[in-house]
Number of protein chains: 2
Amino acid sequence: MTLKELSDLLGLSPTTVSRALNGYPEVSEATRKKVAAAAHAHGYAPNTRARALATGRAMAIGHVIPISAKHEMVNPIFADFTAGAGEVYSRNGYDMLMSVVSDDDEEQAYRSFATKRNVDGLIIHAPSLNDQRIPFLNDLGLPYVVHGRSSNATAPYAWVDVNNTRAFQRATELLLDLGHQRIALLNGLEHMDFAARRRAGYEAALASRGVDPDPSLMFSGEMTEAQGHDLTRTLLARPDRPTAILVSSMIMAIGVRRGIEELGLTLGRDVSLITYDDDLSYFRNGSDIPVYTATRSSVREAGRRAAQMLIDIINGKDSPTELLLEAELTLGMSTGPARRG
Amino acid sequence: MTLKELSDLLGLSPTTVSRALNGYPEVSEATRKKVAAAAHAHGYAPNTRARALATGRAMAIGHVIPISAKHEMVNPIFADFTAGAGEVYSRNGYDMLMSVVSDDDEEQAYRSFATKRNVDGLIIHAPSLNDQRIPFLNDLGLPYVVHGRSSNATAPYAWVDVNNTRAFQRATELLLDLGHQRIALLNGLEHMDFAARRRAGYEAALASRGVDPDPSLMFSGEMTEAQGHDLTRTLLARPDRPTAILVSSMIMAIGVRRGIEELGLTLGRDVSLITYDDDLSYFRNGSDIPVYTATRSSVREAGRRAAQMLIDIINGKDSPTELLLEAELTLGMSTGPARRG
DNA sequence: TCACACTACCAAACCGCTTTGGAATTTACG
DNA sequence: CGTAAATTCCAAAGCGGTTTGGTAGTGTGA
């Protein structure tokens, strides 16, 4: 069913039918009703491609999912972020276009979106400290929103981020309040912006209490379960082992827990643990009392906010283009007072 | 840069330029070279929307991500499946269109894809035993491939699936070989096809050894960590507690492990555990020796195969439209001989 | 009654590409 | 050399919508 067929059926011109369906005022209420009814009855919906060509708007947003070439790893938060963004898109009539590329080819993917003109905007994930995509995209002229920030960026850009510094500062302070002095940090890769900020928060808390940071307690790497386990085993084998561990991801925390329990130690009693929790839908942190004490922030909500921000930008609304979400610190069973050595 | 601009620049007609770029024979090698060079130099790529309109092909595949309205849960395997499929799509010039919908609205989402004509095919996830989407999509006339199968479907359909029955049969046999008699099954929701097949495999193995299945050891529900933990606690509190547990998902297995260890028991010694492992990139099962004994199959590879199958169907190749992948059974540290009561 | 402003509709151009149906030029052959 | 067959290119017609620039028809005020 095309517009022309529908208009022939109604004895109207395509112009009028189009206007009726798109809510233009130059059409009487009576015919608008008739048109709407007929469209519904015959299951007519405008062909996206034709409409996009005529309006110059693709009504689609592009997400580039980079895959670490080395580790073939997909960031586990994409699914939930995407779900949040997707809600907003469909509510606003936008499609979501995903492009899965090896992280070497990422720039090419953006360029291709731009020249092929099949999206109206982009969401950028996982920015590094000095992310080259930002100047690149500023040149490209396609609107975009970054999920996260890039500390060293010089030009302005739109972003939605969590206050990673504050979150880790508060978590560290809680551990210090509980009497912990040797606190290990299992962080993400430190060229990533979020990881650098988390470390800054951790160090700030230590500094404010006059505790010297011990570089041998600080790690950064891929946030996998195995990594969490292995690092924990190494850490706890030391004579001067830490009494608390601060972890950048729930998945890694699970590995930490495994390491702790393999040694016959009890989480929350022998070793305290606070983790960052992205509130992933398939990995809720306990049912009633959280298993892990955690700084929590919904990545799904971040997806919703970023999507809305991007749509606003595309539509020329001058709403704020920077949004800092606070993480909440929820007490679970993985923290307790430091035990006297 | 449009085709017309490029052709003006070259002093050629749009026709010739289009043909040169698309590899049609009616153009001399010399001009083809010239055109290709100019296109590259000016960064020209055809406007997807216009091309789609002209050719009648969207060059895009739709994925509908249903979100459980009740639990707001995103299936964690989507990310990896998507990554696999995405690789194949981009290699073949296809885009991937995602639509996130509450599972009540799923049919509407397919219909919308069909009437708006913005995809050439669909991938269907998580089929139930008697999935209504199959007859619905057969009527709709949009090619599709199902990730999984629907046992009660009457009409034929294209699918890529893992041999769930065989996988769970072998896993159960291994436990029986180790002397376990009371084996619990923590399964997914049993209206889902994969869960029903896994149970069938489990029951077949028990039957072949003359072990009576005990319905009180069989559970089905959402495969979350919390669920795994809670069920395990309940099971192990029983006087006639099972000596082994068979679990349908790695994430659930982590909860099972937590439950076991909270009771001061040791995994692989006091209680054996085999899990289904989808080989998720962010949750590799141990580094050298797997933590869990598992029936493993790469959901990423399934994504690749399903995508290729769909593209073949769209292009009218008559390659096979049914693909059954076998899971491998890998030994980890979570299984051991049954201990004498 | 006439000019003027609305209202309700429509014809045709356009978005940027592909493709059909020639037309012009070159090559091949008797 | 003349003609048939290739070769190489192009004009124009779609694809299915939106949008510009009208034109009838109705209502208002002088």
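Below, chains carry the letters A, B, ... as their sequence lines are ordered, and counting in each starts from 1. Just so it is clear, the structure is predicted and the values come from calculations on it, not from any experiment.
- Whole-Å rounding puts the B:Leu21 CG to C:dT19 P distance at 13 Å.
- Between A:His125 and A:His63, the angle of the ring planes lies from 30° to 60°, which puts this pair in the tilted group.
- Contact check on A:Arg149 versus A:Asp193 returns no salt bridge, with no Lys/Arg side-chain nitrogen under 4.0 Å from an Asp/Glu carboxylate oxygen.
- Between the side chains of B:Ser18 and B:Thr15, no donor-acceptor pair is found at a separation under 3.5 Å.
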Exercise. Any chance you could list the contact pattern along nucleotides 18-28 of chain D? Use B for base contacts, S for sugar-phosphate-only contacts and - for none, protein heavy atoms under 4.0 Å, 5' to 3'.
Key: BBBB-------
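- Separating the CG atom of A:Leu53 from the P atom of C:dT18 is a distance of 12 Å, rounded to the nearest angstrom.
- Rounded to 10 degrees, the angle separating the terminal axes of the helix from C:dT1-D:dA30 to C:dG30-D:dC1 is 50°, with each axis obtained from five end pairs.
- Rounded to an integer number of Å, the gap from A:Asn118 CG to C:dG16 P is 15 Å.
- Ionic pairing of A:Arg300 and A:Asp80 is present here: one or more N-O contacts between side-chain nitrogen and carboxylate oxygen are shorter than 4.0 angstrom.
- Remark: P of D:dG16 and CZ of B:Arg57 are 16 Å apart, rounded to the nearest angstrom.
- Between B:Arg133 and B:Glu106 there is a salt bridge, since a side-chain N of the basic residue sits under 4.0 Å from a carboxylate O of the acidic one.
- D:dT8 atom P lies 13 Å from atom NZ of B:Lys34, rounded to whole Å.
- At least one side-chain heavy atom of B:Ser150 sits less than 4.5 Å from a side-chain heavy atom of B:Tyr157.
- Counting to the nearest Å, the C1' atom of C:dT18 and the CZ atom of B:Arg49 are 17 Å from each other.
- Counting only N and O atoms by type, the side chains of B:Asn22 and B:Arg51 include a donor and acceptor under 3.5 Å apart.
- A distance-only check finds no donor-acceptor pair linking the side chain of B:Asp105 to the backbone of B:Val101 [under 3.5 Å].
- Protein atom CE of A:Met59 is 14 Å distant from nucleotide atom C1' of D:dG17, rounded to whole Å.
- Rounded to an integer number of Å, the gap from A:Leu12 CG to C:dT7 P is 19 Å.
- A donor-acceptor contact closer than 3.5 angstrom links the side chains of A:Arg57 and A:Tyr94.
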